[in-house]
Structures are given as C-alpha cells and as structure tokens.
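The block underneath contains the structure these notes are about, expressed in structure tokens.
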2 protein chains.
Amino acid sequence: MDIQELRTRNPEHWMRSTAIRALALDAVAKANSGHTGMPIGMADVATVLFSKHLKFDAKTPGWHDRDRFILSAGHGSMLIYSLLYLCGDEEVTLDQIKNFRQSGAKTAGHPENFLLKAVETTTGPLGQGISNSVGFAMAEEMLRGRFGKKLVDHHTYVIAGDGCLMEGVSQEAIAIAGRHELSKLIVFWDNNDITIDGKVSLSDKTDQVMRFKAAQWHVQEIDGHDPEAIDAAIEAAKKSNKPSMIACKTHIALGHAAQDTSKGHGALTNDEQNVAAKDAWGWTTGPFEVPADVKSWWEDVGTRGAADRTEWEGRLAEASESRQKEFERCMTGETPKKLSATIKALKKQLSETQPKVATRKASETALEVINPIMPETIGGSADLTGSNNTLTGDMGVFDTDNRKGRYVYWGIREHGMAAAMNGIGLHGGLRPYGGTFMAFTDYARPAMRLAALMKTPTIFVMTHDSIGLGEDGPTHQPVEHLAISRATPNTLVFRPADAVETAEAWEVALNQTATPSVLSLTRQNLPTVRTEHKTANLTEKGAYVLAEAEGKRQVILMATGSEVEIALAARDALQAEGIGTRVVSMPCIELFEQQDEAYRRKVLPAGPVRVAVEAAVQFGWDKWLFSERGKRDKGAFVGMPGFGASAPADELYEKFGITAEAVTAAAKGLL
Amino acid sequence: MDIQELRTRNPEHWMRSTAIRALALDAVAKANSGHTGMPIGMADVATVLFSKHLKFDAKTPGWHDRDRFILSAGHGSMLIYSLLYLCGDEEVTLDQIKNFRQSGAKTAGHPENFLLKAVETTTGPLGQGISNSVGFAMAEEMLRGRFGKKLVDHHTYVIAGDGCLMEGVSQEAIAIAGRHELSKLIVFWDNNDITIDGKVSLSDKTDQVMRFKAAQWHVQEIDGHDPEAIDAAIEAAKKSNKPSMIACKTHIALGHAAQDTSKGHGALTNDEQNVAAKDAWGWTTGPFEVPADVKSWWEDVGTRGAADRTEWEGRLAEASESRQKEFERCMTGETPKKLSATIKALKKQLSETQPKVATRKASETALEVINPIMPETIGGSADLTGSNNTLTGDMGVFDTDNRKGRYVYWGIREHGMAAAMNGIGLHGGLRPYGGTFMAFTDYARPAMRLAALMKTPTIFVMTHDSIGLGEDGPTHQPVEHLAISRATPNTLVFRPADAVETAEAWEVALNQTATPSVLSLTRQNLPTVRTEHKTANLTEKGAYVLAEAEGKRQVILMATGSEVEIALAARDALQAEGIGTRVVSMPCIELFEQQDEAYRRKVLPAGPVRVAVEAAVQFGWDKWLFSERGKRDKGAFVGMPGFGASAPADELYEKFGITAEAVTAAAKGLL
C-alpha cells in the first residue's frame, strides 16, 4: 500500500482517520498490551461511518433512537475508544485513553457495555457481536412495528473481522438476518487476510461474498481505505432491502513495519517502528496529541446528531402521554404493575385445580397470562416450539410481512438465538425469552455467559431437563447443565417443582433488570405440590419449607423440580416410621444464597441429617449437605452418577436409583 | 410424490429400500417414541450407498480400512439400525429392533458409538456428526500419508439434515473440509424442506448449494428417490478432488399421511395411517417381517465387503513386522513404551533446572519430547498457536501438499476443532490435541461433552486459565470453566502447578483410552514447586502432599495450578508464626476422587482447618472444605467472587484478594 498516495489523495480525511491510528498506537504501546493493527486498518471506514452516516450524539450516548454501532471484532477496542474520545464522549477522557487496560479504567481490554454507555454490547469472544447485532436489528424492526417510524427508525452498523466470520455462530446469525430481511443491518468485514496464526489462507478459503449472498445478503466489495468508496457503499447498503455486507479490503497495521502480517494483529510496542509508522503517516504531534483542527472536526462529528436527537425528542413529546409512558417503561425494562396480581391470580387457580402437568406446559400456562399484559415479550424457540411450549396464541409470528409479530422461529440455532436474544435485550424496549432442550445449553453457552457478564436479563427456557425426557437418551439428557449454569456468576437458575413454582419463577425472572435466568423445565408431568395458596412468591427466596416435619425433626430432604415429588413421597415413608422429616424445595439456589443468614438457618437448621435429591450430578451440592456453621450434620445425595441412558423415563429413574425408596434409605443410613 | 411411479420404476430397488422404511415404521410405533420420517425419506440413498459403494463387512464392523458411515441426523437412528439388521450385523438382531429405545437395548434413541461397534460416532446433537466426519476424513488422509494407500484408503460418507446445516458448527466444519480439499468426504443432504417447527422456510432461506460452493465444495443436486441418480452422483463425488455435497431432494415420511409435513419428523404411531402407508408402499408382510428374498439380498450386501477386507488383511500381512506392529499400536491407542521413561527424564531435568515458566510453555516443553516418540499425535490450535504453545518443531503442518503434516491450523473455530478432533480420535490411529483459551471452553462445549460420552480421549489444551491472563479482561478470563469441565462426567481436568506437574499431566492424559482430558494452563510464569525429583507420577493420584507441616498440623492448604505458589507462600507465613501447615497440590480432582479412602484420608486427614485456593469460583469446592467423615473441620475458600476485570495480572490478584496474605488470614480466622 502506498501511504503517500493515501495521504495525498484526501489529506483532510487522512489526518482525521489517522487520529484514530495514532491514539491506538500510543495507547497500546503505553499499556504494553492490546491490539493495534485493526484500529489502524479500519480507521478509514470508521471515520466515514461516524462522520457521514452514524446517527449518534456523543454527549447523549443512551438516546433511544440512535444508530447502534457494534465492534464485533472487540479486540480492536482502541478503535471505539479513540472514536469516543475524539467525538467528545464524556466518559472517555484522554486520561482514560492513557489508562487503556489498566485497573479501574473504563477503557478495558475489550469493550464492556457495563463500563461505557456508548458501548452497546460486550465483545471480544468472536462472532458474538455480529450475532448480537441481528438481535439489535430485529428489535428495531419490532419496535418500529409497535411504536412507528417516528419513534423508532435507526440502523445497526457492525465491524466484523475474519475471526467473527469463521466462528460458526456467524453463520447462524447471517442466516437469521437474511431470512428476515433485516435491511437496516449493515456489516463491514475487515477483509485484511490476516489472523493470529498467519494468512487467512492457512485455515480458510471460503468465498465470503458468495457465502453472504447464499444467506440472502446484499454484498459489496470495496477498498477499505478509500473514503469515497466507503461512503458510496454505505449509501447503497442503506437503500438495499436486504441486510448488507460490505467487504472492505484493508491493510492491517497500515503503514507500520508490521503491516499485512500477523504480527500486526497484536500489540505493536517497538518504539522505533512506531515512530517510523507515525512518520509514514505524516503524524507529527507527540504521543496522545491530536492537532487542534482535527480534534475540533471530530468534536463537530460528535455533535452532528444532536439535532436528530432533539427532533426525535420533539416527536416523542407529541405522542400521547400513555404512549410516552409505555415507550419509556419498555425502554427501561420495568415490568407492568399488573404482573404481580396476574401471577397471584394464576397461582391461586393452580393451587385450587392442582393440575398434573409438565413444568414446560406450566410455563406455557404462565406465558398465556404474561404475554397479553407484557407486549414487550419476544418469544421463540430453536425449532422446538411444540416441545418448549414457548408460543402463546396472542403473540403473532415475526416475519417480513409482520414486524409486529412477537414470536421468532429461530431454526436449529441455539447459539444464534441466544446471542440474538442478548442483542434484543441490550437494544432495549423488549424482553426476549427463547427455548431449547436443556442439554443444548452447551450450544448456547458462549452467549449465556455473556448475558450474565453484560447484565442483560435474557430468559433461557430449557425444557427436557433430566433423564425424565426418557428415550432420546444421554445426548439429550442434561446431567451437568444445572451445575454449569449455577457455576456461572450473575445467573439465576430456576428449577420449579410444579405449576405454581413455575409461575413464580417467571415473575422473578421477568423482574430482573440485570441478571439472566435459566428456567429448567420438565418434559414429564408433575403433580401440584403447592396445594395451599400463598400470595407471597416463595420462589423469590430461593428455597423454603414445603412440608414440615411432624414430631422431632430428624431429617431434612432438599430437592428441586421433578425430584420434589420424590422427596415428598420419601417424607411420607419416613414419617410413617416415626422419623420427623422436613422437605425443603429449592427452586433457585442462587436466590437462597442471597438471603440473610437467619433465613437460611431457619430453612436449613443445623442438627437433622440432610439428603439432597436432584436428577443431576452431585457437583455443587456438597455445600448444602453440611450446615454453614460447621456442625457435624451428615449429608447424602441421591442423583445421577454420570450420563443417562435411552429408555422410558420411569425405568430410568429406577435404573439410576432416584426414587423415594433410595431417599428413604439414604436418610435412614445417616441416622 | 407418486409412490406408484417409484414402485414400478425400479420394483426391486423399491422393495429393498422399503425394508428400511417398514422396519423404521414398526420399531418407532412399537416404542411409541422416535423419528420415523427421516429413515423413510432417506431409504433410497442409504440403499444405493450400502449396496453399491460403502466398503464394509457387516460381520466385521471394526475392520480398519472400512469406509466410515456417519448418520449426522442421529434422530433418524432407525435408518442405521435397519441397515445393520438387514445386512446381518451380529449385534443388531431382530430382537434389538423390536426393543428400539428400551432399557438395555443397543438400539438406543440416538446412535451411540459405545453401544454398537458399527456406529462410528454418537450423534443426535445436530451438527456434530458432520463435524466429526471432517476429522474422520482428515484422519484418513493423515494415516494414508503415513502408512500408504495399501493400508489406508477409504471414504467417509455422511447423512446430514437441515438441522445439521443450520447449526453454526457445520459452517466451521465445511470450511475446514473445503480448505483441506478432503476429497474423500461425501455428504448427503436430506433436503426435505421440513424441520420440527414446520417448513424450513419458516426459519431459513439459505441457498445451501451456493453456501457449500463458497466453502470450496463439489456440489450436486439430485432426486433423492432416484437410485440411478444417487449412484451416478456418488460416482461423480468420488471422482471430485474436493469434498462433495449431494443435495438429495427427498420427501420426509414418503407415502405416509404425514409425508412432507413436520408431523412426519417425529414418531408416527397412528395404526391406521401406518397400515395405509405400508399399503401405499406395497409392503404386505407383517410387522418386523422382511420378505426372504429382500433379506437375502441385504445379507449379500452385508458380506459384499468381506473380500475387500481379506485383501486388505493380506496387504497388511505383507508389510514388515515392525510396520504391522506400529500400525496396530496406533489403531488401538496404546502409547509407546518409551513414553514413561521420556517423561521421567524430562521431570528429572525440570526438577534440577527449576524453570520459572508458564505452564502453557511447560506444556510445549513436554510436547517437544512427546511428539518425536509419538508419531500418532496430531496437534493444532484455533488460531492461537503462539499463545497455546501447541506446535513443536518436528510436526510439520497438515496441508493439501503435506498429508504427513501433524499440525492443523484450525482457524477461529473452537467448536469445529473440538468436533473434528473427536472424529480424528474415533477414526483410530491418531491422538489429537488442540488448543484455545480456556474461556472458550464455552464454544467447544458440545463437542467436549460428546468426547466424554463417547469415551474418546481427546486432549483439550486450554491456556490463559484465569485472571492471570490480565488485560484481556472478563470475556477472556475463565472463572466457571474449571467447574464446568469438572461437573462433566468422564472428564479429567488437569491444572498443573508447574512444569513437572505439566509433564505428568500430559503422561496421564496420553495414557487414557476412554476419557478426554482438559489441560488448564497458565499464561503467566510460575516457579517450579516440584524441586525434588520423584520417579512416580504424583499427578496420577490427583492430589498429594507437596509440603508437609512442621510441628503440629493445624492447617491444610489445598490449591491447584498457579495458586499452589500462593499456598506455599502462605504456608511459609503460617509456619513462621508456628502454625503447622500442610500444602496439598490437587492437579486433578477427578483422579483424587478415584483413589481409595485410605489414600484420600492420608492426604486430607480430618482435624486441621482447610483452606482451598483457586482463582475461580467456589462452586464444587465445598466438598473438600469438610472432611469426608463429617468431622467438624472448618473450611474456607479463597478465589473469585464472580467475573474478572481488565488490568495487569498482578493487580488483579491483589484486587480480588487471591494472595498469600488472604490465605493466611483465612486460615487463622478458622483456628
């Protein structure tokens, strides 16, 4: 690449884009850590996008109708930090740039949505940003469908690298976007031919242009250093009625000794080479210094969207008060006031009728009363709608001719679904939930973890949650997946025992604003164990006494979900022998852990022996088999020794010894 | 579809293929569970493949140079069971067919490689089979490269459905296959336009033909019910120098009332409809009955490959004795005898030189002595070669012009890498290991779980295993991933404390024949803590006393990996105050659990207080904070309270309080 030609072809653009390059170079060198090459390579695209197209107001990053900008190639975080600093974002001061990747800085190694308002989503794990962006673009369509173009009308722009495109989740994402003709989604592919291990061709010869066309995308190929070509491509992309991919041929670490090499991907810290690069760029100011005219131009870019925002605020003010309120309620993620009363009424009815139903079916029953009063819920399933029971009659199906539809047929794409749900939630205004079989937690894991890290309250509806699914066998029978989700920070794992606890779990999950939830639901029918109506949401405390011991309390049985029935039967047997036995239902261990010690000790007092029953591995349960105060309680666990097997469910419970008899024997063995 | 036309066009083929249809229909109906439509739809393809192309000997399913047949759409398991029964596989008797999906049957809900010799890989979780198959095809190329065409020369055939192709991992897999021109891999796409939720078009409009072409595949489109077209397509595919995809337009549940509907996907159990279907097919024998001429023809199909096998055995017998022995050793997965001495020598040297190195680097050091004596190892990384330290000088890079190369640049495809590694291992003859960052366990999870279920000893080299990676921040810092792998049945998780334990971990992992291993390795340097050479492999016992208490033993500190150094420093501090403190290194908790009680109690006797230190979440550790006998030991945990942060590693250890001071304070607090 002839830098001299770039410098002279459009000198003003060159200096403006090079401000990004220089800041990235300086920040990474100072941190002695990070990724320099990508911000240098994509500086031209970013400059044109931010200055001519992106609708944003640097001083008000949270404005609802802004365009969304997602740096899927999150390792290039200095690109976004440089842009925010240059544009005058109040959080990204020069001090923050100088403290890139240091303790306490908002300019973290990868862009974190919980540290900076202008960062829409946390990126770094490759493929996530582009998959989130599909959710962002869907949310825009859905909200436009509901609130109209005057309130919702924006684009979602993404920068993705080869890593994002190689990750399988990107295929799921682009197929969803293509299917739904998300025409306001525009992806820039940083086509620089380089990965960490070397040339892309070492590991890939995919024709990306053909691949995106196969997924029904509008595709263009441009020189990613030519501002006019970039501008024209964005214009054309905006006009397309399909999602758009712009393949930008770029040079990683442009103008640096590491240009076009895998060395250019990481931290460029060689002083001499960095000085030479700045020299080649014609950048003469000192470290972290941006010429006043360039900085001033960028600050104008940062305020360019203020008028758009003001106009939008005017339009919002013109809407009826109730519409404004509803829009704001949805955008803040507040549940409607009547949710509580609705759930209470359902619980009362369930305690009276005492249905014997699978909790996946009970979940549907809950959704049937929730969805009509929460028009912000977005349901869906990864091609298991009838099994996950996630669709209710009032939702309508999201499609190209029905943007108001609230149900998404995600296809066999658990990972893409989970990542897109995160995007829908992060966009704001909507509350996504989606279903698959619990064993396929594995497929959705990278996005489930990010929901927790990003503090977005996505709800994962995981049905067929144990050997209770029967004949499909061990590939489909989760045994370690409760442990996996429970081990994940900031995640609530609900395993309700009956229809009442299922309704309670939904209420708690919907009331979360910063924590995702996993609903672990059965395929098989369960009796109603909460036969006495309580207005209080007992699941909210995580665990509670479901059945008290009669006589001297000698045993405490702890159970979740489908095994609560077994614990109750074991209690009957023990009580028949005069052994006082308490049953504690533990639908959400994380919430129980959050209660004060007094409550925890009330539910699980020291003294009695303890038996826990769960059709899953023991891993993580030992904590509850001993009292917190180090008393010499004895504990036993009745559960799965390893993987399951293929057979009818009842036979499997017998085979693996998860029965009332086994629980009774375990308790007596400890006494 | 005009069944009558199919019946008359080629009546013999029709009856032969319909034997599969009828058996599937009967077995699923009897089980009242399973998937009928797919075996019915793909019966023609399977019949042509098995009778004219697939090199196999039904009586000797484990013959090394057989073609591999992989049913990626594993829910259609009755397809493979029918084929095996018809061909005379000795394990799949008629009784097994009648006991489909019942307790103890080998004919499980989904095909399980550990139940039937002829099942190459466990499928059901969609996308896995097609991704395994890439590994199978790679293994064939690699072994042909090493042992020559006389001993290794076979194809890998796959049946995949829309679900497999929608899963993102399939994109990773087909891109790898296209890149490496795996021309002996032939995939049949069951293009029936149906998924569980309805028409494929509900969720997908991908042009699959274009997509595979973009990935550099040879693609054909045929009528999947036309035996001549199927035959011709397979012939053409075999001739192609690229991997081949044959898009087979089929009708799910052909001839049944549920034909071409999503109802046809699942269990067809309506008697009347099933009778009508058999009538339409012209199938007049009773349930589970195959006309003698049809059965006899299939039995001939089953023995068709016996001659190939005999000839191959002859060729093997012609090879030199040492070559035969080496071939057999590799195929059985036996490690070479000199491995033990080699590791011992390395350990001795390390205990003497006491390097201060990251365990990822120590892993490279171990591989540098292992790879030269184990030509069956296949290394690789998901684009983090320099970070995972997985490449050694002697390996050579696997490429189109170097099939002998033993290192694979997998690209940014953790999931595809893991699934393909499983395929390489299941093929036999090779020992795959591959690296990524430990946090990206999440991406590889579905395949890691299947390695455990399938009992294949894949080795996952997971580096950057804690906040010790520093600035990349919480997206890249595993905190729950040790728990995730430890909660998974049949998985060994090694977290070595230094170069000596790393060498020991590699030895134990390589000696596994039925259990995968996860090596959790640091980015940051660690001192050698095993400064005294022991010939015994201490890691093999899972945990051991690294430093004994001086004076009265009051405290036991337990630690793994990078935190062993901290525990040793805490011990120094406690001993300085006269508090006798033992340090137990626990490089593999699963192995420790397998030791007898006497050993476990020797290492962790009741009495002293216990403090565990690990830069990860506490989940799963409570088990070790109390003694096994319910004694009133008190325990504390020093680790991560949740997600990490972006900052230099040393600062993070301070920030999160994982320090010798914190451990010392915790121990004293308990005394």
Side-chain angles (χ1 to χ4, degrees), chain A residues 33 101 103 108-110 124-126 163 166-169 171-172 175 179 195-197 202-207 210-211 214-216 383 385 409 411-413 415 442-443 445-446 449 453 471-475 480 483-484 487-489 617 619-620 622-623 626 630 632 634 642-643 646-647 651, chain B residues 33 101 103 108-110 124-126 163 166-169 171-172 175 179 195-197 202-207 210-211 214-216 383 385 409 411-413 415 442-443 445-446 449 453 471-475 480 483-484 487-489 617 619-620 622-623 626 630 632 634 642-643 646-647 651:
Chain A
S33 162
R101 290 183 160 235
S103 195
H110 291 83
L126 295 173
M166 282 200 211
E167 290 288 357
V169 69
Q171 181 63 27
E172 302 184 22
R179 165 62 185 81
T195 73
I196 291 175
D197 274 356
L202 266 184
S203 58
D204 196 43
K205 288 190 179 166
T206 304
D207 182 333
M210 196 192 291
R211 176 185 167 216
Q216 312 301 335
D383 200 45
T385 295
Y409 286 114
I412 300 108
R413 304 185 183 107
H415 195 179
D442 288 349
Y443 282 80
R445 257 301 293 178
R449 178 179 210 245
L453 179 61
E471 293 89 342
D472 272 344
T475 51
E480 73 272 42
I484 287 172
T488 306
V617 297
F619 196 86
D622 295 271
K623 174 167 189 176
F626 302 90
R632 52 188 302 170
K634 292 192 239 168
F643 293 115
S646 170
E651 291 176 35
Chain B
S33 161
R101 289 184 160 235
S103 193
H110 291 82
L126 295 173
M166 283 199 210
E167 290 289 356
V169 69
Q171 180 63 27
E172 301 183 23
R179 165 62 185 82
T195 73
I196 292 175
D197 275 355
L202 266 183
S203 59
D204 196 42
K205 291 191 175 163
T206 304
D207 182 333
M210 196 192 288
R211 176 185 167 213
Q216 311 301 335
D383 199 47
T385 296
Y409 287 114
I412 300 107
R413 304 182 183 108
H415 194 180
D442 287 350
Y443 282 80
R445 256 301 292 178
R449 179 180 209 243
L453 178 62
E471 293 89 342
D472 272 342
T475 51
E480 72 273 41
I484 287 173
T488 306
V617 296
F619 196 85
D622 295 271
K623 174 167 188 174
F626 301 90
R632 51 187 301 169
K634 293 192 238 167
F643 293 115
S646 171
E651 290 177 34

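Because only heavy atoms are used, hydrogens play no part in the values below, and waters and symmetry mates are left out as well, while side chains stay in. A, B, ... follow the sequence lines: proteins, then strands. Residue 1 opens every chain.
A donor-acceptor pair is defined here as one N or O able to donate and one able to accept, closer than 3.5 Å; no such pair exists between the side chain of Asp622(B) and the backbone of Asp622(A). Under a 3.5 Å cut-off, the side chain of Arg413(A) and the backbone N or O of Gly168(B) do not form any donor-acceptor pair. Panel note: side chain Arg449(B), backbone Glu480(A); no donor-acceptor pair is recorded below 3.5 Å. Formation of a donor-acceptor pair under 3.5 Å by the Tyr443(B) side chain with backbone atoms of Glu167(A) is not found in this model. Under a 3.5 Å cut-off, the side chain of Gln171(A) and the backbone N or O of Gln171(B) do not form any donor-acceptor pair.
Considering only residues two or more places apart in sequence or on other chains, Arg101(B) meets the side chain to side chain contact (heavy atoms under 4.5 Å, CB included) condition with Glu471(A), Asp472(A), Ser646(A), Ala31(B), Ser33(B), His35(B), His110(B). Every residue meeting the side-chain hydrogen bond (donor to acceptor under 3.5 Å, both in side chains) condition with Thr488(B), not counting sequence neighbours, appears here in chain and number order: Arg445(B).
Contact annotation for Glu651(B): only side-chain heavy atoms (C-beta onward) come within less than 4.5 Å of a heavy atom of chain A.
No other option in Ile484(A), Leu453(A), Asp442(A) has as many heavy-atom pairs under 4.5 Å with chain B as Asp442(A). By number of non-hydrogen pairs under 4.5 angstrom with chain B, the leading residue of Gly109(A), Ser103(A), Pro489(A) is Pro489(A).
Summarising the geometry of Ala487(A) relative to Val617(B), their closest heavy-atom pair is O-CG2, 3.8 Å, with the distance given to 0.1 Å. Between Met166(A) and Ile412(B) the shortest heavy-atom distance is SD-N, 3.5 Å. When all heavy atoms are compared, the tightest approach of Ile196(A) to Asp383(B) is N-OD2, 3.0 Å. Minimum heavy-atom separation, Tyr409(B) to Ser203(A): O-CB, 3.4 Å.
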